[in-house]
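See below for the structure under consideration.
In what follows, every heavy atom counts, from backbone to side chain, and hydrogens, waters and symmetry copies are set aside.
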Amino acid sequence: MISERLQQLRDLMAERHMDAYMIPTSDFHESEYVGEYFKAREFMTGFTGSAGTAVITKDEAGLWTDGRYFVQAGKQLSGTGVELRKMGNPGVPEILEYLEAVLPEGGKLGFDGRVVNCRQGQDFEEKLADKHVTLAYEEDLVDQIWKQRPQLSKEPVWILEEKFAGKSAAEKISDLREEMKKEKATVHILTSLDDIVWLLNIRGNDVSCNPVVLSYAMVTMERFYLFINEETLNDQVKAYLKELSVTVRPYNDIYASVSQLRDQRILLETGRTNYAIVKGIDSSNRIIDRMNPSVLAKAIKNPVEVENMRKAHIKDGTAMVKFIYWLKHNVGKQEITEISAQEYLDKLRSKQEGNLGISFDTISAYGSNAAMCHYKATSESNAAIEPRGLYLVDSGGQYYEGTTDVTRTIAVGPLTDEEREHFTLTVISMLRLAAVKFLHGCRGLTLDYVAREPFWSRGINFDHGTGHGVGYLLNVHERPNGFRWRMVAERQDNCVLEEGMITSDEPGVYIEGSHGVRTENMIVCKKAELNEYGQFMEFEPLTMVPIDLEALDPSLMTERDKTLLNDYHRKVYDAVAPHLTEEEALWLKEQTRAI
């Protein structure tokens, strides 16, 4: 089947004199996760992972993906005619290097310009210019092959009340226009879905786990144009948008509208705006390329959002405590697998008042499976949870009061000394970062060492960021705040930490073939004292879930580490116990006892 699809694609390429065709994992909006309509790369290769890019030439087909998916991709690509290209491995060229090598002089590279961002498209233009390669970006060739392609999502749009948003859409739009004035911009083109729905205080369900709406926006000093499928708007939402002076246009009209602009100063972010949109802008306009102003505004949660987030985390903590209680009391007595445990937790969350679903696909991993950071249990890998070792669950929920993300590693039976040591180091790391005090002006890059030092001092490391920004009833991964030990420019997560920013704090240890440990809390940045040295800042924990004392080795902890844990556990008990049964509350009291 895959080989037939590849042949059909090559036939279309030949008709258009294309030498290569690229299919990324993306939608028209540079979203991290994509809807069913946009899974063209999966359709063409059979690889179902969430990250990867396929490149098809006349003679070869390759799939580039990262280390999270080497095993999975190897199995799924077997016999398809698509070769796995393991990104980062010796001898494996980057996609652009590969294209430079295989494209002939005067050749043609094809791709759908709506699913490639402008910055990447400009890189292709620049790097392939010496070979006089033409970029053909106007057609989606996969669409001509995919006869039963799912329709574009058109889930209903709904209004997020101000008691949850904390600020009206009119105020947000006004603030945006003030930022446009600072840049001397006359037009702002906005295509990132979380920015658009945040700006308008609307939500939807067009991307799994992310309550966003397929749309584009074009803002001037007088008008706000929203490009959207009008079928998704009921009378109430239409009236609301009209009151905001928002003009609704058909979703695909963005391209024609942009092409009509003349002599404007257009503010947009090329790394988050698709290539086709930017290529359609007339040369009489000037492009101001900078991060969308809404990114920073959205990341700095207002006091209403922060208070609501506290409420969301108590609800979420209640579901997590009930889950851990159930797991501890039933492992070894009944069959529990990674998938059945995941389903039980997802069900507990769904019962919490105001829950709107999960915020990402739950990671439920037992034993050696937990050594894979982004493991997803499948029918093939689904391990039975036995009464020994460690079980890791990374999960979160969407609530009217906000978005949650929490990881806990749980002892389900006897542990080795190494497992206990790694668990304890991870807890120490998480607590120390959450307790750090710092001067305003610091970035995550500055503070990350606090979390890494317990590991680095023992010659251990974890190969992922220590934390990421989290949205408010939005994407669980949000720019521009985060914790990371080195610059990774494309992540755009190294801004100055401001009051109201919410970031995950999630160190870990991963031993291939043995076990994985991660402990994750969400923390909110807030002001501490202001004195002659400047404005000091600190963090407050939002997550209210106990840390498993059965897995802990207190001998590795300093007195301050123990105090930090005891203080945190006191907060957890006080917040969550009132929402539990009597038996669960008694159990939680023991689980949060002072050490």
With a cut-off of 3.5 Å and sequence neighbours excluded, list every side-chain donor-acceptor pair involving residues 207-216.
from   : atom 1 : to     : atom 2 : distance (Å)
Ser215 : OG     : Val213 : O      : 3.0
Tyr216 : OH     : Tyr255 : OH     : 3.1

I'd like to know whether the aromatic ring centres of Phe360 and Tyr33 sit less than 6.0 Å apart in this structure. no

On the six-membered ring of Tyr472, is Lys301 placed so that its NZ or CZ lies under 6.0 angstrom from the centre and within 45° of the ring axis? no

Verdict with supporting geometry, Glu401 and Arg310, salt bridge (charged side-chain N to carboxylate O under 4.0 Å, His left out): CA-CA 8 Å; Glu401 294 87 358; Arg310 293 188 182 103; over 6 Å; no

Would you say Glu230 and Tyr251 are linked by a side-chain donor-acceptor pair, where the criterion is simply a distance under 3.5 Å? no

Would you please indicate if the ring centroids of Tyr275 and Phe111 are separated by under 6.0 Å? yes

Contacts table for residues 152-167: side-chain donor-acceptor under 3.5 angstrom, sequence neighbours left out:
from   : atom 1 : to     : atom 2 : distance (Å)
Ser153 : OG     : Asp206 : OD1    : 2.6
Lys154 : NZ     : Glu231 : OE1    : 3.3
Lys167 : NZ     : Asp175 : OD2    : 2.5

Any side-chain donor near an acceptor of the partner, Ser504 and Asn521, under 3.5 Å: no

Quiz item: cation-pi between Arg149 and Phe43, 6.0 Å / 45°: no

Are any side-chain N or O atoms of Lys526 and backbone N or O atoms of Glu540, one a donor and one an acceptor, separated by less than 3.5 Å? no

Crowded around Arg290 CZ? As in, over 12 foreign heavy atoms under 6.0 Å? yes

Assess, by modelled atom type and distance only, whether the side chains of His468 and Glu506 contain a donor and an acceptor separated by less than 3.5 Å. yes

Quick one about Glu338 and Ser364 (side-chain donor to acceptor, distance below 3.5 Å, no hydrogens or angles considered), yes or no? no

Quick check: does any side chain N or O of Thr191 sit under 3.5 Å from a backbone N or O of Arg272, one acting as donor and the other as acceptor? yes

Treating Thr186 as the side-chain partner and Arg265 as the backbone partner, does any N or O pair qualify as donor plus acceptor under 3.5 Å? yes

